[in-house]
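The structure under discussion appears below in the form of structure tokens.
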Amino acid sequence: MRRFRTVLAVLVVVTFLLSLNVALHPSAVELPSTATPDCTATSRSAAMGTVTSSSCDGELAARVEGLLDEAIAAVSNVLDIGRGLSWSRRVDVVIPASDAELVSLVGPAFKDMAGIAIRDGAAQRVVLNRVRVAPLSDLELGVLLRHEITHVATRDQTSDSAPLWLVEGFADWVAFQATGLPLREAAPLLTADVSALPTDFTGPGRDLAYQQAYSVVVYLQSRLGERGVVEFFLRNASLSAVDARAVDVADWRDFLRTTIG
């Protein structure tokens with residue numbers, strides 16, 4: 001799990017431009033395309049969504065189907081701790097059979113990402129990269145699904161210019177809630193040496209920035225409680241900036257020293 005969370009932090013790339021939210025990018029394995037005449041498009045129905053894939057990706061699609069309802073319910077349960085959020089509570093997942101099909105859905109800039117939540121007109125879908133997702137354990141796949149479903153559920157409440165530390169930190173917080181992992185395991189690169197909220201989400205410090213963002217939300221939970229965290233996110237995600245007084249950086253630093261040493 002340490003390897004997974006490190007890769008999650010290092011290679012997460014997020015953008016709300018074009019309504020794209022990008023999650024994980026674990027190490028790839030080579031898989032042949034299943035866009036062949038012997039493979040046909042199939043759709044599996046879960047109680048709270050669907051999984052569309054090539055018939056030759058049936059094993060992966062079955063794993064996603066088996067985790068989908070639980071992931072949607074877990075995200076809904078967390079969001080319902082606050083004032084409640086109006087969203088469809090249904091998620092359609094697409095597993096493209098080839099790179100060409102993947103690019104047609106998400107664009108070339110995001111074809112190497114493991115999971116992407118996209119808005120297609122009024123509908124929102126989670127697109128999974130079969131090459132990236134296939135090696136994940138069920139625990140890791142569940143985290144990926146919950147992370148992306150959080151973006152789907154909160155998309156209408158989230159500004160395109162919302163601070164990434166809040167958007168990604170909150171999505172990670174929701175995604176990791178069900179794992180029971182302590183902060184040290186969920187964010188292995190984290191140290192207590194912080195002096196400001198993370199901003200370097202694209203440069204050389206992005207690995208640490210994502211783990212710091214997650215830790216900020218864990219810190220807020222320690223001060224506000226779970227309900228307070230959800231309400232804090234919903235209150236601030238529609239803004240282009242969060243009031244600097246909303247997070248006491250010195251107190252966050254003290255929290256990290258106490259929690260991780």
Side-chain angles (χ1 to χ4, degrees), residues 1-16 21-24 74-75 78-79 81-83 85 143 146-147 150-151 153-154 157-261:
M1 194 63 196
R2 179 184 176 91
R3 174 199 61 82
F4 167 70
R5 189 59 181 85
T6 301
V7 174
L8 171 65
V10 172
L11 293 170
V12 169
V13 177
V14 178
T15 179
F16 281 107
N21 304 308
V22 182
L24 310 174
V75 171
V78 174
L79 296 178
I81 293 173
R83 63 175 181 259
L85 191 66
V143 170
R146 291 190 297 273
H147 183 107
T150 299
H151 287 315
T154 61
Q157 286 72 37
T158 306
S159 166
D160 289 353
S161 58
L164 285 181
W165 71 260
L166 176 62
V167 175
E168 280 306 297
F170 183 74
D172 267 0
W173 179 74
V174 175
F176 278 93
Q177 282 288 88
T179 67
L181 287 173
L183 182 59
R184 169 55 70 190
E185 290 187 39
L189 299 181
L190 191 64
T191 73
D193 183 21
V194 295
S195 57
L197 295 174
T199 58
D200 181 17
F201 288 90
T202 58
R206 65 183 178 183
D207 52 347
L208 185 57
Y210 279 98
Q211 295 194 21
Q212 287 177 338
Y214 171 63
S215 77
V216 172
V217 182
V218 175
Y219 155 72
L220 289 174
Q221 179 186 350
S222 74
R223 301 302 186 259
L224 305 176
E226 291 185 0
R227 178 188 295 273
V229 168
V230 176
E231 292 178 347
F232 180 92
F233 173 81
L234 295 177
R235 186 169 61 251
N236 289 284
S238 62
L239 307 176
S240 59
V242 177
D243 189 328
R245 297 168 295 180
V247 178
D248 185 330
V249 174
D251 196 34
W252 168 41
R253 182 168 57 246
D254 290 341
F255 167 78
L256 292 177
R257 286 172 178 164
T258 301
T259 306
I260 65 174

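- Every side chain to side chain contact (heavy atoms under 4.5 Å, CB included) that V218 has, sequence neighbours left out, goes to W173, L183, Y214, F255.
- A salt bridge (Lys or Arg N to Asp or Glu O under 4.0 Å) check over residues 190-199, counting only residues at least two apart or in different chains, returns nothing.
- Here W165 pairs with nothing under the side chain to side chain donor-acceptor pair (under 3.5 Å) rule; sequence neighbours left out.
- Shown here for L189 and L208, the closest heavy-atom pair between the two residues is O-CD1, 3.5 Å.
- Contact annotation: the side chain of H151 approaches that of V167 to within less than 4.5 Å [non-hydrogen atoms, C-beta and beyond].
- Shown here are the side chain to side chain contact (heavy atoms under 4.5 Å, CB included) partners of L239, two or more places apart in sequence or in another chain: N236.
- Side-chain atoms of R227 come within 3.5 Å of backbone N or O of I81 as a donor-acceptor pair.
- When the side chain to side chain contact (heavy atoms under 4.5 Å, CB included) test is applied to A241, no partner is found at least two apart in sequence or on another chain.
- Taking both residues in full, the closest heavy atoms of A153 and L79 are given as CB-CD1, 3.6 Å, listed atom of the first, atom of the second, then distance.
- Atoms CG and OG1, from L234 and T154 in turn, are 8.0 Å apart once rounded to the nearest 0.5 Å.
- Under the side chain to side chain donor-acceptor pair (under 3.5 Å) criterion, T150 pairs with no residue at all, not counting sequence neighbours.
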*Give the intermediate values and the outcome of side chain to side chain contact (heavy atoms under 4.5 Å, CB included) for residues V217 and V229.*
CA-CA 7 Å; V217 182; V229 168; 3.6 Å; yes

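- D254 pairs by the salt bridge (Lys or Arg N to Asp or Glu O under 4.0 Å) definition with R257, not counting sequence neighbours.
- Remark: D251 pairs with R223 by the salt bridge (Lys or Arg N to Asp or Glu O under 4.0 Å) rule, at least two apart or across chains.
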*asked:* With side chain to side chain contact (heavy atoms under 4.5 Å, CB included) as the criterion, how do R235 and Q157 come out once you've worked through the C-alpha distance, each side chain's angles and the decisive distance to 0.1 Å?
replied: CA-CA 9 Å; R235 186 169 61 251; Q157 286 72 37; over 6 Å; no

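- The minimum heavy-atom distance between L190 and Q211, with the atom names listed, is N-OE1, 3.6 Å.
- A donor-acceptor pair under 3.5 Å is absent between the side-chain atoms of R146 and the main chain of D172, judged by distance alone.
- In this structure, A244 has no side chain to side chain contact (heavy atoms under 4.5 Å, CB included) partners at least two apart in sequence or on a different chain.
- With hydrogens and angles ignored, the 3.5 Å screen pairs no side-chain donor or acceptor of Q212 with any backbone N or O of P198.
- The nearest pair of heavy atoms linking D200 to A209 is O-CB, 3.3 Å.
- Remark: T258 OG1 to R253 CZ distance equals 12.0 Å, nearest 0.5 Å.
- In this structure, the separation between CH2 on W252 and CG on L220 is 10.0 Å, given to the nearest 0.5 Å.
- Between V143 and F176 there is a side-chain heavy-atom pair separated by less than 4.5 Å.
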*Would you sort out whether F233 and V242 count as a side chain to side chain contact (heavy atoms under 4.5 Å, CB included), showing the intermediate values?*
CA-CA 10 Å; F233 173 81; V242 177; over 6 Å; no

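- Proximity of T158 to S238: side-chain heavy atoms (C-beta onward) are nowhere separated by under 4.5 Å.
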